[in-house]
Participant: 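Take a look at the following structure, please.
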2 protein chains.
Amino acid sequence: MSFASIPPMVRRSRSVGAEVAAHLERLITSGELRAGDRLPAERELAASLNVSRASLREAMFELESKKLIERHQGRGSVVAEQPEGVAQLYENLSELDVEIANATELRDLVEPRIAQLAALRAADSNLISLEEVLARSHAELSPEESLALDVEFHTLLAHAAQNPLLVTLCTMTTSWTRNTRELGHRTRQGREVSFRGHQAIYEAVLARRPAPAGAAMERHLREVREVSSRQGAHPEPA
Amino acid sequence: MSFASIPPMVRRSRSVGAEVAAHLERLITSGELRAGDRLPAERELAASLNVSRASLREAMFELESKKLIERHQGRGSVVAEQPEGVAQLYENLSELDVEIANATELRDLVEPRIAQLAALRAADSNLISLEEVLARSHAELSPEESLALDVEFHTLLAHAAQNPLLVTLCTMTTSWTRNTRELGHRTRQGREVSFRGHQAIYEAVLARRPAPAGAAMERHLREVREVSSRQGAHPEPA
DNA sequence: GGTAGTCATTGGTCAGACCAGTGGGCCCAC
DNA sequence: GTGGGCCCACTGGTCTGACCAATGACTACC
């Protein structure tokens, strides 16, 4: 096992701590250090790497935040077991993916509630607007037209819930998830699924039945997501 | 802007650095520190927090790795731009002139979900923070202290849900419903009800049981509202 | 044989010094 | 008056060495 000193010339672009962290990370990922291996004491390791203990500790912080090592006062530090599974999967998502996931999570929370409240509170004018949008919706539309009507339906529904905050949230989640939703409208089947979902929601709202309206919205979101995910593993539509 | 010293009694379960990092993170995500704000110099900030520069720097490393701050040698550290979604949400919502009823409706929707997600996703550090707040909470506190801890508990719980958008929503609904919530903390009984509710929620989260956590939150919101409305009907100063 | 105390080891924290970019202000030459 | 260049205060980066606190093995005692 070599904790040999780091080549000095390298020390320009990164901080000493980052340099050391990269060095140790390489030792771990390359297999020179295995999960469960005990690292030398900080003072010792710092000396053998020709850095101060402060810089070494900076590196340790970084490695710990990456969950590559575990540190225990009085016991020392060991190379962590490599976590695999859902948690790790979540870690590996890009920032963009995480943001979309967060927005989707919020949408899944808000939209069913909007449907419920719309069923309770929709004014006649709201119902008329919704019906007009549905009348213009069918599977033969272009993807762009279909997406526009999709957005309009959900926005009108939010208005029918008579809570401006929910309208704002609907608008925002719509803009964040637009790219994903666009995928769903690319195919005739996708447009059909979306359209039928809206229809079911509308009927429950018209019948003033909050619970079925919320359930219909949940089903709609689920179905649309399935269609979208089938459509594209490439979330860049331009 | 208060970088006031951290309550000393808390320093048991976590390192000083982690404590400071949590403190600063709360300042940032709660909006007290806005994107682009310049942080005090390390020496200065360490002094005002009563910690060594080494510990302060440990906290800074953590915040930087979370991309909450950016640091530049010779120039200082600034609060990083929030993810676009959070910034947009914050901006759009803070412009609204909000009715309390609408805000309450949103809160009733969001908070139970936050509790559920916290039960699924809370990290150890989240749990420690929550427990610390509970340890400081009891019915004998002043109304102001009690309300502050109430707000802190819900904010920390939102963090534990690991969705920045939910944190922002929690922050906004809190600021809108603050006056109403203040009523509930005026009486000893009100503070007791609030505290017990938080405890029940925390226990469900700690046990990783999402459904009971959500149910406990719903019960908590209901109970607190009853107390507040009783109080609002017959206002009796402390 | 078990138990309580001891102590070396390890990470945690602190204080203070000096190094190394950064940027604004000052001064001089033009 | 203006431009350029130097200087210096300020900020983060790094190092040193000291002491605190948790851990666990070892030891002496019962």
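The shown structure was predicted, so the numbers you read here are calculated from the model rather than taken from an experiment.
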Participant: Assert yes or no for the condition that the ring centre distance of B:His154 to B:His159 is strictly below 6.0 Å.
Facilitator: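 So the answer is no for these two rings.
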Participant: Go along nucleotides 5-14 of chain D 5' to 3' and tag each nucleotide: B for a protein heavy atom under 4.0 Å from its base, S when only backbone or sugar atoms are that close, - otherwise.
Facilitator: ------BBBB
Participant: Salt bridge check, B:Arg113 against B:Asp108: does any charged N sit closer than 4.0 Å to a carboxylate O?
Facilitator: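 Between B:Arg113 and B:Asp108 there is no salt bridge, as every charged N stays at least 4.0 Å from the carboxylate O atoms.
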Participant: Is a side-chain N or O of B:Asn102 found less than 3.5 angstrom from the main chain of A:Leu165, in a donor-acceptor match?
Facilitator: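 No, because the side chain of B:Asn102 does not come within donor-acceptor range (under 3.5 Å) of the backbone of A:Leu165.
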Participant: Taking the basic N atoms (NZ, or NE/NH1/NH2) and the acidic carboxylate oxygens, is any pair closer than 4.0 Å for B:Glu192 and B:Arg196?
Facilitator: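 Yes, charged N to carboxylate O under 4.0 Å.
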Participant: Is a side-chain donor or acceptor of B:Ser146 paired with a backbone partner of B:Ser142 at a separation under 3.5 angstrom?
Facilitator: no
Participant: Once you round it to whole Å, what is the distance between P of C:dC14 and CG of B:Leu49?
Facilitator: 11 Å
